[in-house]
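Report on the following structure.
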Amino acid sequence: MLTIVADNRKVVSMASASVTPAAAGGRGVVTRFAPSPTGFLHIGGARTALFNWLFARHHGGKYLLRIEDTDRARSTEPAIAAIFDGLEWLGLMGDEPATFQFARSDRHAEVAHRLLASGHAYRCYLTQEELAARREAAQAERRPFRIHSEWRDADPATLPQDRPFVVRIKAPRDGETTIDDRVQGAITVSNAELDDFILLRSDGTPTYMLAVVVDDHDMGVTHVIRGDDHINNAFRQLLIIRAMDAVEGGWPDPVYGHVPLIHGADGAKLSKRHGALGVDAYRDEMGILPEALFNYLLRLGWGHGDDEIIGRDQAVEWFDIAHVGKGAARFDMAKLLNLNGHYLREADDARLAALVAPRMAGETDPDLLTRAMPVLKVRARDLNELAAGAAFLFAKRPLAIDPKAEALLSEEARALLARIHDRIAGSHEWTLEALETVLKGMAEELGLGLGKLAQPLRAALTGQTTSPGIFDVLVLLGRDESLARIAAQATGKVQV
RNA sequence: GGCCCCUUCGUCUAGAGGCCUAGGACGCGGCCCUUUCACGGCUGAAACACGGGUUCGAUUCCCGUAGGGGUCACCA
């Protein structure tokens, strides 16, 4: 993972040095997923990535990745690795090596200076203290605070030479701006609501607002699909885009699609309290399959008629951003588990065996695990349940007997086990059919239901009250192990 | 608080003026299958936030109300 990061860095610095805007003029669709590496890839981010990926694939376009690491204090290398790891797992890596935003600071500053030179931006010498004081004053008078810098229209000749300044955009003060959002529909904001936000900080570094716009432009991004917490930013970013378009042309408005955030079960924004975990937790701790999370996330906030089970290819064919719901959807673990159970049953047995083995205590046999999978996977919803269900296969004698199973092993039951032991020990074939014939015949002879034999058998063989079918268990365990486990619980048997 | 957005069963959703007696899925209840647990099948309860319009006719269009969410940094 770290080598990939290093490679990406190299590619980026070359790209930023040559400054070759891909000119978003017309042609193919280009989307992007742009997380800031301040933590793991959370479920909401994964869904945003998914929608970008699907939209691009559906339209035969390109899907790119950009790491927004301009916040040097909060961005970390492990977070970058975790995000790539999560995307990789879900099959949502970009079509090209990721772009790293911080590496492109010079290009961002260059754009700010063009805006400055063309009069679309200005140097503002207001200090943070002055701003804070004005903000407080506005608060005290209970009126909304808008930055009105006296430097906006200052005579360039009178500008201080040795004081720090920030570069602010000159936002229009009248009129209104409408965004035709592909998810939300038309959204209109009065320009008076937008104030002169900062492009370049006093230390010369670009702000997020500037960096996003410049990077999207240079990467040729045509469709900006992201969380709807960015709606307000879209209007500000459009200001920069239109200013640059006026300055040098070739800066078309992107198409926006602001998808709703995912909420917790209580309807509030998903937070750690709700289990807003990284996708790695769904994989490692909860034992979720990537195709299940993919399907779940897709159906969360989007639907296609009555269809519930939707695979990758089908999703690409059907995905339509206009059908993404406008309201926030709540995360429902029960439904995810149900879907996971479905994909578990569909999954390849050897693959499942490999996924389950590390979750089991002690030694396991991949071959036996694989052979047991068909009867094991139908009764599990996640890999942990699958591992628990497989435990009996590798348990060492003497078997730990679960209290509920113990209750099944009465005196009569133990006596019965002795008879079963002798009877099946004499069976020359150890197959599903042969064992079934023998045991059913025996039950009939004794005038008992098969359950009377099967239940104590299950307890003796697995130490539990639930397991795959009893004949499956016998065959999986094999003749020697089965007879030994039965003998251990039967009365009057010499334990091997 | 200002601004922006949202609102169909508990949850995810279908629905784009008559197809709606509002459909599907998860979850929940019942039945069947069955040696247990599952899987599977059948089945039941369960929703158009409220109030006004527009219309011959509104879940669907418009306006209010209520509720919810987002956003208001030299963070991203």
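Residue numbering restarts at 1 for every chain, and letters A, B, ... go by the order of the sequence lines.
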Do nucleotides 16-25 of chain B as a string where each nucleotide becomes B, S or -: B if the base has a protein heavy atom under 4.0 Å, S if just the sugar-phosphate does, - if no protein is that close. -------BBB

Can you list everything that forms a salt bridge (Lys or Arg N to Asp or Glu O under 4.0 Å) with [X]? Sequence neighbours excluded, please.
{"X": "A:Asp307", "answer": "none"}
{"X": "A:Lys440", "answer": "A:Glu436"}
{"X": "A:Asp402", "answer": "none"}
{"X": "A:Glu433", "answer": "none"}

Could you list the donor-acceptor pairs under 3.5 angstrom formed between side-chain atoms of residues 372-380 of chain A and any protein atom two or more places apart in sequence or on another chain?
| from | atom 1 | to | atom 2 | distance (Å) |
| --- | --- | --- | --- | --- |
| A:Lys377 | NZ | A:Arg345 | O | 3.3 |
| A:Lys377 | NZ | A:Ala347 | O | 2.8 |
| A:Lys377 | NZ | A:Asp349 | OD1 | 2.7 |
| A:Arg379 | NE | A:Val375 | O | 3.0 |
| A:Arg379 | NH1 | A:Ser467 | O | 3.4 |
| A:Arg379 | NH2 | A:Val375 | O | 3.3 |

If you measure from the [atom1] atom in [N] to the same atom in [M], how many Å do you get, rounded?
{"N": "B:rU71", "M": "B:rC37", "atom1": "P", "result": "48 Å"}
{"N": "B:rC26", "M": "B:rG68", "atom1": "C1'", "result": "23 Å"}
{"N": "B:rA66", "M": "B:rA22", "atom1": "C1'", "result": "24 Å"}
{"N": "B:rG30", "M": "B:rG69", "atom1": "C1'", "result": "39 Å"}
{"N": "B:rU7", "M": "B:rG44", "atom1": "C1'", "result": "28 Å"}
{"N": "B:rA47", "M": "B:rC20", "atom1": "C1'", "result": "13 Å"}
{"N": "B:rC9", "M": "B:rA45", "atom1": "C1'", "result": "10 Å"}
{"N": "B:rC3", "M": "B:rC61", "atom1": "C1'", "result": "26 Å"}

Scan the side chains in residues 381-389 of chain A for donor-acceptor partners under 3.5 Å anywhere in the protein, sequence neighbours excluded, and list what turns up.
| from | atom 1 | to | atom 2 | distance (Å) |
| --- | --- | --- | --- | --- |
| A:Arg381 | NH2 | A:Glu385 | OE2 | 3.4 |
| A:Asp382 | OD1 | A:Asn384 | N | 2.8 |
| A:Asp382 | OD1 | A:Glu385 | N | 2.8 |
| A:Asn384 | OD1 | A:Arg359 | NH1 | 2.8 |
| A:Asn384 | ND2 | A:Glu285 | O | 2.7 |
| A:Glu385 | OE1 | A:Arg381 | N | 2.8 |

With sequence neighbours left out, write down each residue that passes side chain to side chain donor-acceptor pair (under 3.5 Å) with A:Gln314, or none if nothing qualifies.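 By the side chain to side chain donor-acceptor pair (under 3.5 Å) rule, A:Gln314 matches A:Trp318.
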
For atom [atom1] of [X] and atom [atom2] of [N], their distance in whole Å:
{"X": "A:Leu453", "N": "B:rU36", "atom1": "CG", "atom2": "P", "value": "13 Å"}
{"X": "A:Glu193", "N": "B:rG2", "atom1": "CD", "atom2": "P", "value": "11 Å"}
{"X": "A:Asn295", "N": "B:rU13", "atom1": "CG", "atom2": "P", "value": "13 Å"}
{"X": "A:Leu435", "N": "B:rU35", "atom1": "CG", "atom2": "C1'", "value": "14 Å"}

With respect to the side chain of [X], which nucleotide from [options] is positioned closest?
{"X": "A:Arg458", "options": "B:rG10, B:rA76, B:rU35", "answer": "B:rU35"}
{"X": "A:Val189", "options": "B:rA76, B:rC4, B:rC12", "answer": "B:rC4"}
{"X": "A:Asp332", "options": "B:rA38, B:rA76, B:rU11", "answer": "B:rU11"}
{"X": "A:Lys326", "options": "B:rU36, B:rC6, B:rA76", "answer": "B:rC6"}

With a non-hydrogen cut-off below 4.0 angstrom, is [X] in contact with a base, only sugar-phosphate, or nothing?
{"X": "A:Pro35", "value": "nothing"}
{"X": "A:Thr70", "value": "sugar-phosphate"}
{"X": "A:Thr188", "value": "sugar-phosphate"}

Output a table of donor-acceptor pairs, distance under 3.5 Å, between side-chain atoms of residues 405-412 of chain A and any protein atom two or more places apart or on a different chain; print 'none' if there are none.
| from | atom 1 | to | atom 2 | distance (Å) |
| --- | --- | --- | --- | --- |
| A:Glu406 | OE2 | A:Arg414 | NH2 | 3.2 |
| A:Ser410 | OG | A:Ala413 | N | 3.2 |

Between A:Arg74 and A:Ser36, is there a donor-acceptor pair closer than 3.5 Å when you use the side chain of the first and the backbone of the second?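 Flag not set: sc A:Arg74 to bb A:Ser36 has no pair under 3.5 Å.
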
Decide yes or no, distance alone: a donor-acceptor N/O pair under 3.5 angstrom between the base of B:rC39 and the side-chain of A:Arg345.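 No, no donor-acceptor pair under 3.5 Å.
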
Any-strand Watson-Crick or G-U partner of [N], both distances under 3.5 Å:
{"N": "B:rG1", "answer": "B:rC72"}
{"N": "B:rC20", "answer": "none"}
{"N": "B:rU59", "answer": "none"}
{"N": "B:rC42", "answer": "B:rG30"}
{"N": "B:rU7", "answer": "B:rA66"}
{"N": "B:rA47", "answer": "none"}

Tell me whether A:Glu291 is salt-bridged to A:Arg351, with the criterion being a basic N under 4.0 Å from an acidic carboxylate O.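 So A:Glu291 pairs with A:Arg351 through a salt bridge.
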
Provide a list of protein-nucleic acid N or O atom pairs under 3.5 angstrom, restricted to nucleotides 68-74 of chain B.
| from | atom 1 | to | atom 2 | distance (Å) |
| --- | --- | --- | --- | --- |
| B:rU71 | O4' | A:Asn232 | ND2 | 3.3 |
| B:rC74 | O2 | A:Ser202 | N | 3.1 |
| B:rC74 | O2 | A:Ser202 | OG | 3.0 |
| B:rC74 | N3 | A:Ser202 | OG | 3.0 |

Pi-cation contact, A:Phe102 with A:Arg72 (under 6.0 Å, within 45°):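 The answer is yes; both the distance and angle limits are met.
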
Using a 4.0 Å cut-off on heavy atoms, which residues in residues 171-187 of chain A reach RNA chain B? List them by number, or say none.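 Per residue number, the list reads A:Gln184, A:Ile187.
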
Holding to side chain to side chain contact (heavy atoms under 4.5 Å, CB included), I want the full list of residues that pass it with A:Glu308, two or more places apart in sequence or in another chain.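 Counting only residues at least two positions away or on another chain, A:Glu308 forms a side chain to side chain contact (heavy atoms under 4.5 Å, CB included) with A:Arg299, A:Lys335.
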
Could you walk me through whether A:Ile424 and A:Leu435 pass the side-chain contact (heavy atoms from CB on, under 4.5 Å) check? CA-CA 7 Å; A:Ile424 59 177; A:Leu435 290 164; 4.3 Å; yes

